[in-house]
Amino acid sequence: MQYYESSVYGEWCKRIYGKDLKQLGMVTMDELELFYREVDLSPESHILDMGCGPGYISAAVAEHFHSHVTGIDIDEDSISHARKT
């Protein structure tokens, strides 16, 4: 089982970061909100997330900006999971 498949890890992310995005210590919700305020992307934007892991943060950013995202990662299991979710 990968860390992002664990419901316990998901609950931990909610408690620590404010939302379960499988952050793995990468970004708090305050930091993500700052990113949203400081970056001006349009729905026509295309976002590249290098090191996207299972893609939860990529999906959240794409949803926020109503944009398209492409995620790349060296971990094949993470990419497989991202495609499924």
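A salt bridge links Arg15 with Glu11: at least one charged nitrogen is closer than 4.0 Å to a carboxylate oxygen.
The CG atom of Asp40 sits 10.5 Å away from atom CD of Glu38, with the distance rounded to the nearest 0.5 Å. Considering OG of Ser78 and CD1 of Ile72, their distance stands at 13.0 Å, rounded to 0.5 Å. For the atom pair OG1 (Thr85) and OH (Tyr56), the distance works out to 4.5 Å, reported to the nearest 0.5 Å. Taken to the nearest 0.5 Å, the CD1 atom of Ile16 stands 14.0 Å off from the CE atom of Met29. To the nearest 0.5 angstrom, Lys22 atom NZ is 7.5 Å from Ser6 atom OG.
Under the 4.5 Å side-chain criterion, counting only non-hydrogen atoms from C-beta, Val61 is in contact with Tyr36. Taking the side chain as every heavy atom from C-beta outward, Arg37 and Leu34 approach each other to under 4.5 Å.
Atom CD1 of Ile74 has 12 or fewer neighbouring heavy atoms from other residues, nucleotides or ligands inside a 6.0 Å radius.
The two residues Cys52 and Ser58 come nearest to each other via the heavy atoms CB-OG, 3.5 Å. Heavy-atom minimum distance, Gly71 versus Ile79: O-CD1, 4.1 Å.
Under a hydrophobic clustering in which Ile, Leu, Val, Met, Phe, Trp and Tyr are joined whenever their side-chain heavy atoms come within less than 4.5 Å, directly or via other members, Val27 and Leu41 fall into the same cluster. By the criterion of side-chain heavy atoms lying less than 4.5 angstrom apart, applied directly or through intervening Ile, Leu, Val, Met, Phe, Trp or Tyr residues, Leu21 is grouped together with Phe65 in one hydrophobic cluster.
A side-chain hydrogen bond (donor to acceptor under 3.5 Å, both in side chains) check over residues 59-74, counting only residues at least two apart or in different chains, returns the pairs His46-Thr70.
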